[in-house]
Amino acid sequence: MGNKSEFDGCVNKDDLFQSNCHEIVEAFELMGLDNDLLASIVYDFKNPTLVQQRAIKPCIDNNEHDVIIEAPSGSGKTTAVAISLLQLIDLETDECQALILVPDFKNALQVQEVISVLSDFAPSFKSHVCDSERRLIEERRCYDIGVHVLVGTPASVLRLFAHDAREQKTKIRYAVLDGVNELLLGSCKSQVYEIFGSHLVSCSRIIVLSTTLPKELTEFKDDFMNETVQIIVKKDDLFSFHGVKQFHLTFDDEKKKLNLLNSLCNTFNSVRVIIYCSNRRNVDELALQLERLGHSVLSMHVESVAVREQVSKYFSAGCCNMLITCNYLGYEFELPKSVVINYDLPQNPANYKSRLGHNFGCARKFLVVNFVSDSTRRYLTNVEKFYKINIVEMPSDCSIFLKDLHVVKLLPFLKSDFLSYSRSQSSTEISAEYNMNGAEEGGNFLSKKRRKISDNQAAVN
């Protein structure tokens, strides 16, 4: 049996699950996975989450059944499916063998991130995210060269299927609905029905994932699904800090606080870092201070949704590895990250989990660093009591954690695209533009216009 996470014991597992499959496998090594895939998994994860212990085996066995998983965000559902597909797919052929349907493009990118992390063991593995905004000829080129897994919204997938010259859709054996509570609503529902009714003629297993199962699923089951294995979390308190290392750093004054952050940024300059401040003014001031110290940063707080989406897109793509914000980003802005730094601790302990994101339980291992002073230590104590955890002092050599963190490949060629977009926005929405100018000029650029905008925003506060 695998060693349990010290935080998995905070819930009574027997009271959490309702399932018609009672096999529980507490270690990845006991699931019968291929050795190469197993090596990739154990590099990223210590033990399977409670959901993964129950879900992976039914997804990969040879029995003729489909699978339904209902569990809260962060429980590891998507990772369980990614592991299962990588186990099932035949890498000897370049045929498309699996389709993952998601409600929107941001979800598609998140799923793709999980798959790419776990497929490190297989250089020949290919997956593709359908993008309805990409030119169709480019979409077809990516698809026609051969992909094993296709990820996209129903609309973008149908667009591609309509021009499927190789008829790859007829070879798809595994279909996943990730977020079925949204996929079976409105126009998405008719598109999903068209995909399953007209295109997936060879599909042998359907896997349904959701935080809550909609009543529309009953009709879908009757129309398209075989006998199902159901894994349902009966309570919404399935929560652990599985795979998350948490520490605190103590500072006496603001100068030491900034020096400590500068040291962390220098150490973690090859991984994605999200830094949280308590308000907008602190975000702008910290962005300016880090630019002066030579770091390239993105920042956002109350910008329009369009700007927030664009900042999120370029952070996810690796245009810049550091993002400063004062809001927890919410599900719609879920971002990949390796390090979360609470430069200002949240006063409400419930926001501590929110800052980690909904999908932290199924992502690659990551690190949380909390800055603490005498005046804010009570906030850290509240977090420890609220989640029944113990957050210890950070070791002096934090570089020892780099081997467990996902290295981001920076893509500087995207910066010109970002600047072009940012300059089309109003002057109150382009703080990210000036951060990117700093990135273009080595991180030392400090615009008078940026200062003026920052000063105006501070005056509003």
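Note that this is a predicted model, so its numbers are computed, not measured.
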Whether K77 side chain and A71 backbone form a donor-acceptor pair below 3.5 Å: yes
Criterion side chain to side chain contact (heavy atoms under 4.5 Å, CB included) on R355 and V368, from CA distance to verdict: CA-CA 10 Å; R355 288 182 174 188; V368 181; over 6 Å; no
Donor-acceptor side-chain pairing of H295 and N269 below 3.5 angstrom: no
Trace of the side chain to side chain contact (heavy atoms under 4.5 Å, CB included) decision for L217 with I68: CA-CA 10 Å; L217 181 60; I68 296 175; 4.1 Å; yes
Atom pair CG/OH of N351 and Y276 - distance to nearest 0.5 Å: 10.0 Å
Partners passing side-chain contact (heavy atoms from CB on, under 4.5 Å) against F105 (at least two apart in sequence or in another chain): L109, V129, D131
Modelled atom types, side-chain donor and acceptor of Y387 and Q246, under 3.5 Å: no
Atom pair CG (L258) and OH (Y343), whose distance is rounded to the nearest 0.5 Å: 4.5 Å
Taking every non-hydrogen atom, the tightest pair across P103 and D178: CD-O, 3.3 Å
Nearest heavy atoms of P214 and T212, plus distance in Å: CD-O, 3.5 Å
With K257 via side chain to side chain donor-acceptor pair (under 3.5 Å) - residues at least two apart: D344
All side-chain contact (heavy atoms from CB on, under 4.5 Å) counterparts of D252, not counting sequence neighbours: K256
CD1-CG distance between I275 and L286, expressed to the nearest 0.5 angstrom: 6.0 Å
Distance-only donor-acceptor check, side chains D120 and S40, under 3.5 Å: no
Gap between atom CD1 of I231 and atom CD1 of I69 - 0.5 Å precision: 5.0 Å
